[in-house]
Amino acid sequence: MTERTALGRVCVVLVDTSHPGNIGAAARAMKTMGLTDLRLVRPGRFPCAEATARASGADDVLGGARVFATLDEALQDAVRVIATSARTRTLSWPELTPRAAATELLAGAREGNAAVVFGAERSGLSNAELERCGAMLRIPTDAGFSSLNLAAAVQIVCYELRLAAELAAGGARAGDEQPARHEDLQRFYAALESTLVELAFLDPDNPRQLLRRLRRLFNRAQVSDVELRILRGILTAVDRQSETLRAFRDRKPL
Ligand code: SAH
């Protein structure tokens, strides 16, 4: 399954939404990020011209929205469900960051349908509704003002889903490049070390944290095979230069 298909299998469930404008804006937020399955539980007013106006172009997502009488019915086919809340609850429930939740939802979507549930503008989700979801995600906010507009919260969660899907598809790398292999990376680190020693940048008797820090830097960059070849090429060029310099330094006086 492609990541795009997985993204299409994450549905957004809005419970007891009172402002139709928020439903339209949520549809727009979803469509920009590649999500299409919108489910509404007891919407205050729907369909509604205000919702269509705020969807501005995401009419297909809005038009395809299904209406349910209860949250259980809306979630019937979902294999992974995550709730959203602006508040930490007294009821202790597994709490995830939006990023971790996105990864979980996409993993669920590779097996079936996954759902992320949003509460009503004024009151949010009830504890009973929260308990129907496996975990809860909270978007980090300023402690004194934690409640985002409903559609803004939908946008952030859909964005995290998009990011997770693109990363999983290798979107961080150029399309035709493969991740560098572990073995090749280790060989590069060894070559890097000897070049740095040769340049007297690294004292082998006092290496401190330098090599570990450099490894951490390259790991973070998720180097591709092509990029690693460039890095090896640079080391070879440096080695060649320092050999020439050494030969010049060690030359016999005429
Ligand atoms: N007073 C309500 C606020 C509801 S805001 C409460 O405390 O829950 C409407 C909906 O937007 C929430 O139910 C939730 O689905 C979403 N939302 C708003 N702010 C959020 C945040 N910081 N983290 C996660 N979801 C949030």
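Among all heavy-atom pairs drawn from C158 and A29, the shortest one is CB-O, 4.2 Å. Residue T36 comes nearest to G8 through the heavy atom pair OG1-O, 4.0 Å, listed as atom of the first residue, atom of the second, then distance. Contact between G134 and P94 at its shortest, heavy atoms only, is O-CG, 3.6 Å. Here the closest non-hydrogen pair linking A101 and L96 is CA-CD1, 3.9 Å. Here the shortest heavy-atom pairing between E95 and T88 reads OE1-CG2, 3.0 Å. The two residues R138 and A86 make their nearest non-hydrogen contact at CD-O, 3.7 Å.
For the atom pair CD of E73 and CZ of R66, the computed distance is 12.0 Å after rounding to the nearest 0.5 Å. Once rounded to the nearest 0.5 Å, the distance linking OG1 of T84 with CD1 of I139 reads 7.0 Å. Separation of atoms CG (N219) and CG (L214) is listed at 11.0 Å; rounding is to 0.5 Å. Atoms CG and CZ, on L105 and R80 in that order, are 7.0 Å from each other to the nearest 0.5 Å. L130 CG to I82 CD1: the interatomic distance, rounded to the nearest 0.5 Å, is 11.5 Å. The CD atom of Q209 lies 8.0 Å from the CZ atom of R216; values are rounded to the nearest 0.5 Å.
More than 12 non-hydrogen atoms from other residues, nucleotides or ligands lie less than 6.0 angstrom from CZ of R187. Heavy-atom neighbours of Q241 CD from other residues, nucleotides or ligands within 6.0 Å: at or below the threshold of 12. Enclosure of atom OH in Y159 is not indicated, since only 12 or fewer non-hydrogen atoms of other residues, nucleotides or ligands lie within 6.0 angstrom. A 6.0 Å sphere centred on CZ of R246 holds more than 12 heavy atoms belonging to other residues, nucleotides or ligands.
Remark: side-chain polar atoms of R45 are not paired, donor with acceptor, to backbone N or O of P20 under 3.5 angstrom. At distances below 3.5 Å, at least one donor-acceptor pair connects side-chain atoms of R42 with backbone N or O atoms of A69. A donor-acceptor pair under 3.5 Å is absent between the side-chain atoms of S146 and the main chain of A143, judged by distance alone.
For the pair F201 and L210, the minimum side-chain heavy-atom distance is below 4.5 Å. At a threshold of 4.5 Å between non-hydrogen side-chain atoms, the residues Q155 and T32 count as touching. With a 4.5 Å cut-off on side-chain heavy atoms, R132 and V81 do not count as touching. You'll find the side chain of V12 reaches within 4.5 Å of the side chain of L14, heavy atoms only. Considering only heavy atoms from C-beta on, R215 comes within 4.5 Å of Q186 through its side chain. Proximity of L106 to L7: side-chain heavy atoms (C-beta onward) are separated by under 4.5 Å at one or more points. Side-chain contact between E193 and L211 is present, with heavy atoms from C-beta onward closer than 4.5 Å.
Annotation: cation-pi geometry satisfied between R251 and F248 (NZ/CZ under 6.0 angstrom from ring centroid, within 45° of ring axis).
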Could you walk me through whether T97 and E160 satisfy the side chain to side chain contact (heavy atoms under 4.5 Å, CB included) test, starting with their C-alpha distance in whole Å, then the side-chain angles of each, then the deciding distance to 0.1 Å, before giving a yes or no? CA-CA 10 Å; T97 62; E160 287 293 342; over 6 Å; no
What do the steps show when you test R54 against E50 for salt bridge (Lys or Arg N to Asp or Glu O under 4.0 Å), and what is the final call? CA-CA 6 Å; R54 290 287 300 279; E50 205 181 329; 5.7 Å; no
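A side-chain donor from one of S56 and R28 sits under 3.5 Å from a side-chain acceptor of the other.
Transitive grouping of hydrophobic side chains (ILVMFWY, heavy atoms separated by less than 4.5 Å) brings L35 and L137 into a common cluster. Tracing side-chain contacts under 4.5 Å through hydrophobic residues (I, L, V, M, F, W, Y), one never reaches V67 starting from L71; they form parts of separate clusters. Residues M30 and M33 fall within the same hydrophobic cluster, defined by Ile, Leu, Val, Met, Phe, Trp and Tyr side chains chained together at heavy-atom separations under 4.5 Å. Hydrophobic clustering (ILVMFWY, side-chain heavy atoms < 4.5 Å, transitive): L40 and V157 are in one cluster. Placement of I156 and V15 in two distinct hydrophobic clusters is found when ILVMFWY residues are connected by side-chain heavy-atom separations under 4.5 Å, directly or transitively.
The list of ring-ring contact (aromatic ring centres under 6.0 Å, His included) pairs with a residue in residues 73-100, not counting sequence neighbours, is empty.
Listed by chain and number, the residues in a ring pair (Phe, Tyr, Trp, His ring centres under 6.0 Å) with F218 are F188 (sequence neighbours excluded).
Partner of I23 under the side-chain contact (heavy atoms from CB on, under 4.5 Å) criterion, out of V154, L62, L150: L62 alone.
For D184 and R232, the salt-bridge test fails: no basic side-chain N is under 4.0 Å from an acidic carboxylate O.
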Which donor-acceptor pairs under 3.5 Å do side chains of residues 112-123 form with protein atoms, sequence neighbours excluded?
{"residue": "N113", "atom": "ND2", "partner": "D77", "partner atom": "OD2", "Å": "2.8"}
{"residue": "E121", "atom": "OE1", "partner": "S18", "partner atom": "N", "Å": "2.9"}
{"residue": "E121", "atom": "OE1", "partner": "S18", "partner atom": "OG", "Å": "3.0"}
{"residue": "E121", "atom": "OE2", "partner": "S18", "partner atom": "N", "Å": "3.3"}
{"residue": "E121", "atom": "OE2", "partner": "H19", "partner atom": "N", "Å": "3.0"}
{"residue": "E121", "atom": "OE2", "partner": "N22", "partner atom": "ND2", "Å": "3.0"}

